[in-house]
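Below you'll find the structure, written out as structure tokens, and then a few comments.
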Amino acid sequence: MSESVQLSLEQQFKLRSFMTQVKGMSREQSQEFLVQLYEQMIVRETLYKELLKNEWEIGNPIF
């Protein structure tokens, strides 16, 4: 993670909790979890792009 970005105390706690959860998984479970997490990241990125496109009216014809 970038040195310039500081996590809040709540984010640090969530990260610690996540690390504990992953450490308790088998290799297969953690690999499946990682793939699901990556899929969710892609969906979120797509949603953000669509929201920005709609907000900025990119690609919409102007009448």
Side-chain angles (χ1 to χ4, degrees):
M1 178 169 274
S2 173
E3 293 292 325
S4 63
V5 177
Q6 294 293 323
L7 298 178
S8 69
L9 195 56
E10 180 182 3
Q11 290 170 322
Q12 291 176 29
F13 175 78
K14 287 180 179 181
L15 180 58
R16 230 9 119 157
S17 176
F18 181 80
M19 288 169 57
T20 302
Q21 179 185 359
V22 171
K23 284 183 181 182
M25 294 179 181
S26 70
R27 180 180 174 96
E28 291 78 20
Q29 287 173 321
S30 60
Q31 287 177 337
E32 183 178 330
F33 183 72
L34 185 59
V35 170
Q36 290 173 357
L37 186 60
Y38 187 69
E39 180 182 11
Q40 290 174 6
M41 289 170 53
I42 292 170
V43 169
R44 182 182 295 173
E45 179 183 4
T46 302
L47 177 61
Y48 287 159
K49 285 179 181 179
E50 285 299 313
L51 289 171
L52 287 174
K53 189 169 101 174
N54 289 338
E55 182 66 25
W56 295 341
E57 299 177 354
I58 298 172
N60 294 336
I62 300 174
F63 294 99

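Owing to the predicted nature of the structure, the values given are computational and were not obtained by experimental measurement.
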### Message
So for atom CG, which belongs to L9, do other residues, nucleotides or ligands contribute more than 12 heavy atoms lying within a distance under 6.0 Å?
### Response
no
#### Entry: salt bridge (charged side-chain N to carboxylate O under 4.0 Å, His left out) partners of residues 39-52, not counting sequence neighbours, each pair once
E45-K49, E50-K53
### Message
Please tell me whether L7 and M19 are part of a single hydrophobic cluster in this structure, the criterion being side-chain heavy atoms less than 4.5 Å apart.
### Response
yes
## Note on the structure
OG (S26) and CD (E32) are apart, to the nearest 0.5 Å, by 9.0 Å
### Message
Could you measure the distance from the CD atom of Q29 to the CZ atom of R27? Nearest 0.5 Å is fine.
### Response
13.0 Å
### Query
What's the verdict on side chain to side chain contact (heavy atoms under 4.5 Å, CB included) for R16 and Q12, showing C-alpha distance, side-chain angles and the deciding distance?
CA-CA 6 Å; R16 230 9 119 157; Q12 291 176 29; over 6 Å; no
### Message
Please give me the minimum heavy-atom distance between Q6 and Q11, naming the atom from each residue.
### Response
O-OE1, 4.4 Å
### Summary
Those residues at least two apart in sequence (or on a different chain) that pass side-chain contact (heavy atoms from CB on, under 4.5 Å) with Q40 are L37
### Message
Could you check whether any side-chain N or O of S17 sits under 3.5 Å from a backbone N or O of F13, counting only pairs where one atom can act as donor and the other as acceptor?
### Response
no
